[in-house]
Amino acid sequence: MIEIKNISKSFSMGQYSIEALREFSMEIKEGELIAITGSSGVGKSTLMHIIGGLERPSAGEVMFRGKNIYGFNSAELDRYRNGNVGFVFQFHYLLDDFTALENVTIPALLAGKDKKEAQARAGELLETVGLKERVAHYPKELSGGEQQRVAVARALMNNPTIIMADEPTGNLDRSNSLAVQELLFNLKNTGISVVIVTHDTELSERCDRIIKLEKV
Ligand SMILES: Nc1ncnc2c1ncn2[C@@H]1O[C@H](COP(=O)(O)OP(=O)(O)O)[C@@H](O)[C@H]1O
Ligand SMILES: [Mg+2]
């Protein structure tokens with residue numbers, strides 16, 4: 001479904017250049033759960049951003065259903081990102097001034113969907129992640145684990161093809177971490193592919209595949 005072909009990424013920092021990835025390739029099949037591991041600074045987040053359409057590689061291609069997403073114009077790339085990719089980061093990045101329900105609804109509104117329908121779906125998703133009683137809460141009124149569950153609901157809002165989760169449990173205690181893990185593993189039967197960056201071996205060993213990034 002997604003084929004990452006010979007991706008390289010360098011960041012130019014004035015006269016220096018930092019090479020984050022070199023000719024990296026992998027394939028993501030439909031419904032597959034993949035763990036990405038590797039020490040700090042090996043390029044895990046950079047890879048996630050590139051697959052998710054957030055960061056253009058210096059070389060190489062990301063083929064989504066046969067088309068290179070970096071050959072898209074910016075409107076097409078936005079559509080790829082909004083319509084197919086759900087992001088969950090280590091820090092939730094919820095908007096402070098919006099309730100849990102509003103935060104989950106936003107991706108659908110950005111995609112031009114009907115507000116009433118979007119809110120109904122957001123309510124269902126929040127119920128799925130066990131936050132039925134928290135829909136009207138603001139992020140600061142939620143625990144870290146609850147905030148991260150809202151972030152998972154938000155990532156699911158537009159029926160993504162793939163979820164990119166970058167250390168989604170890195171900031172949580174064990175019981176919250178397990179709750180978020182369960183949400184991600186429950187996606188297995190839905191056909192959604194999930195790529196999880198994690199240092200947690202218990203989590204990575206439950207995935208279909210582990211890809212270890214090495215320093216270039
Ligand atoms: N926007 C950026 N500008 C410059 N260097 C960056 C940028 N993003 C990442 N890097 C560098 O690229 C390398 C890989 O970073 P990153 O993908 O965040 O690693 P990881 O997620 O595995 O810890 C690091 O050396 C980092 O400093
Ligand atoms: Mg990272």
Side-chain angles (χ1 to χ4, degrees), residues 2-28 32-64 68-70 72 74 77-78 80-81 84-94 139 144-145 147-152 154-155 160 162-174 176-181 183-185 187 192-216:
I2 298 184
E3 225 185 316
I4 291 105
K5 287 182 171 169
N6 296 315
I7 290 291
S8 297
K9 178 70 185 179
S10 304
F11 295 101
S12 75
M13 306 284 287
Q15 55 184 323
Y16 300 101
S17 161
I18 294 172
E19 198 179 14
L21 295 167
R22 188 190 297 161
E23 295 185 6
F24 176 82
S25 300
M26 70 181 276
E27 197 184 334
I28 304 167
E32 199 176 23
L33 250 118
I34 300 176
I36 307 271
T37 66
S39 49
S40 180
V42 289
K44 303 182 297 297
S45 294
T46 301
L47 176 65
M48 299 292 272
H49 297 159
I50 290 173
I51 298 172
L54 291 173
E55 178 112 49
R56 183 174 290 276
S58 311
E61 295 176 332
V62 175
M63 306 296 290
F64 176 71
N68 179 16
I69 64 167
Y70 291 103
F72 288 165
S74 71
L77 190 57
D78 282 350
Y80 162 74
R81 206 187 298 115
N84 294 291
V85 189
F87 291 98
V88 181
F89 299 99
Q90 180 171 4
F91 301 99
H92 57 74
Y93 296 117
L94 299 174
Q147 290 169 348
Q148 201 59 315
R149 277 142 67 194
V150 175
V152 172
R154 178 185 55 184
I162 183 162
I163 296 268
M164 309 296 300
D166 194 350
E167 304 194 39
T169 61
N171 200 31
L172 300 178
D173 62 30
R174 182 163 167 81
N176 277 307
S177 167
L178 287 173
V180 169
Q181 278 185 40
L183 289 177
L184 294 173
F185 281 98
L187 297 176
I192 299 175
S193 309
V194 184
V195 182
I196 310 174
V197 171
T198 184
H199 296 290
D200 181 344
T201 51
E202 190 185 18
L203 176 52
S204 58
E205 276 164 10
R206 289 180 66 193
C207 293
D208 299 321
R209 237 164 6 113
I210 302 176
I211 294 174
K212 184 159 190 255
L213 287 192
E214 307 282 354
K215 197 112 198 127
V216 294

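Just so you know, ligand 1 is whichever comes first in the structure, and atom 1 is the first atom listed for that ligand. The first residue in the sequence is number 1, and the count goes up from there.
Using a 4.5 Å heavy-atom cutoff, the side chains of P57 and L21 are not in contact.
Ligand 1 lies out of reach of G38, whose nearest heavy atom is not under 4.0 Å from it.
Of the possible donor and acceptor atoms, none in the side chain of S12 sits under 3.5 Å from a partner among the backbone N and O of S17. Judged by distance alone, the side chain of S58 and the main-chain N or O of S10 form a donor-acceptor pair under 3.5 Å. Judged by distance alone, the side chain of K212 and the main-chain N or O of S39 form no donor-acceptor pair under 3.5 Å.
The shortest N or O to N or O distance between V42 and ligand 1 is below 3.5 Å. Geometrically, ligand 1 and G43 share a nitrogen or oxygen pair separated by less than 3.5 Å. Among the atoms of G41, some N or O lies under 3.5 angstrom from an N or O of ligand 1.
A perpendicular orientation is assigned to the rings of Y93 and F89, their planes being inclined by more than 60° (bins at 30° and 60°).
What sits closest to atom 26 (C) of ligand 1 on the protein, heavy atoms only, is I18 CG2, 4.9 Å. Of all protein heavy atoms, the one closest to atom 8 (N) of ligand 1 is F11 CZ, 3.4 Å. In this structure, the protein non-hydrogen atom closest to atom 16 (P) of ligand 1 is T46 OG1, 3.7 Å. In this structure, atom 18 (O) of ligand 1 lies nearest to the protein heavy atom S45 CB, 3.7 Å.
Heavy-atom minimum distance, I69 versus G53: CD1-CA, 3.9 Å. Here the closest non-hydrogen pair linking I51 and M26 is CD1-SD, 4.5 Å.
Remark: ligand 1 atoms within the under-4.0 Å shell around heavy atoms of M13 are 4 (C).
At least one N, O or S atom of S45 sits under 2.8 Å from the Mg ion (ligand 2).
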